[in-house]
Amino acid sequence: FGHLPIGRARRPLMAFVMVLSYSRQIFLRFFLDARMDSFLRGHVEAFAALGLARVLLYDNLKSAVLQRQGDAIRFNPALLALAGHYRFEPRPVAPARGNQKGRVERSIRFIRDSFFAGRTFADLDDLNAQAQAWCLGLAADRRWVEDGALGVRQAFQAERAKLLALPLIE
């Protein structure tokens, strides 16, 4: 999402996006890097906001998949540790299969066009506050693709009951 000036430096502006497959409810959080700790923190914040799905699909990014040989997959150990703690199954999509990650790809386009284009913000905290308000507002009020009579918000309320409970903090 471009760069954010901080003092005399320019930092990359990266987006963590999670989309629930059934309802299409979006979670969006911006970070100033693509490091593993930001990737994992995005998950934890998304789980707190949305709930926890049993299976999470991943593009073949290095934060999730370190190596593939045929059907053999070597996941990033940090992601596996997170999956073990939260009890979800990480599942990578097949390489070069855009149809398997369409919900997220369409959501990124929707975020760029409906949320980010022309947006002004004071700093990263302000941008994330605006992103949260957008996810809970306009993005949740859009028409649900499976049934035009319902919105994403209503589909999310139905889906929420089927999501896993978060583990207790130890």
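Atoms considered below: every heavy atom in the structure, side chains included; atoms not considered: hydrogens, waters and symmetry mates.
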*Mind checking whether Ile111 and Ile26 have side chains closer than 4.5 Å, heavy atoms only?*
yes

*Aromatic ring proximity Tyr22/Trp144, centre distance under 6.0 Å*: yes

*asked:* Between Glu159 (side chain only) and Ser23 (backbone N and O only), is there a donor and an acceptor less than 3.5 Å apart?
replied: yes

*Is it the case that Asp126 and Gln130 place a side-chain donor and acceptor less than 3.5 Å from each other?*
yes

*Between Tyr58 and His43, is the gap from one ring center to the other below 6.0 Å?*
yes

*Do Leu164 and Arg54 touch side chain to side chain, with heavy atoms closer than 4.5 Å?*
yes

*What orientation do Phe31 and Phe16 show, parallel under 30°, tilted 30 to 60°, or perpendicular over 60°?*
perpendicular

*Quick one: list whatever passes side chain to side chain donor-acceptor pair (under 3.5 Å) with Arg160, sequence neighbours left out.*
none

_Donor + acceptor pair across side chains of Asn76, Ser63 (<3.5 Å)_ = no

*asked:* Run Trp134 and Ser114 through side-chain contact (heavy atoms from CB on, under 4.5 Å) and show every step you take.
replied: CA-CA 9 Å; Trp134 179 81; Ser114 179; 3.5 Å; yes

_Using the rule given for side-chain contact (heavy atoms from CB on, under 4.5 Å), can you reason through Val44 versus Leu82, listing the C-alpha separation, both sets of side-chain angles and the distance that settles it, and then say yes or no?_
CA-CA 9 Å; Val44 171; Leu82 185 77; 4.0 Å; yes

*asked:* Looking at Phe1, I'd like to know if the NZ or CZ of Arg112 sits under 6.0 Å from its six-membered ring centre while staying within 45 degrees of the ring's axis.
replied: yes

*Where the side chain of Asn60 meets the backbone of Val65, is there a donor-acceptor pair that is under 3.5 Å apart?*
no

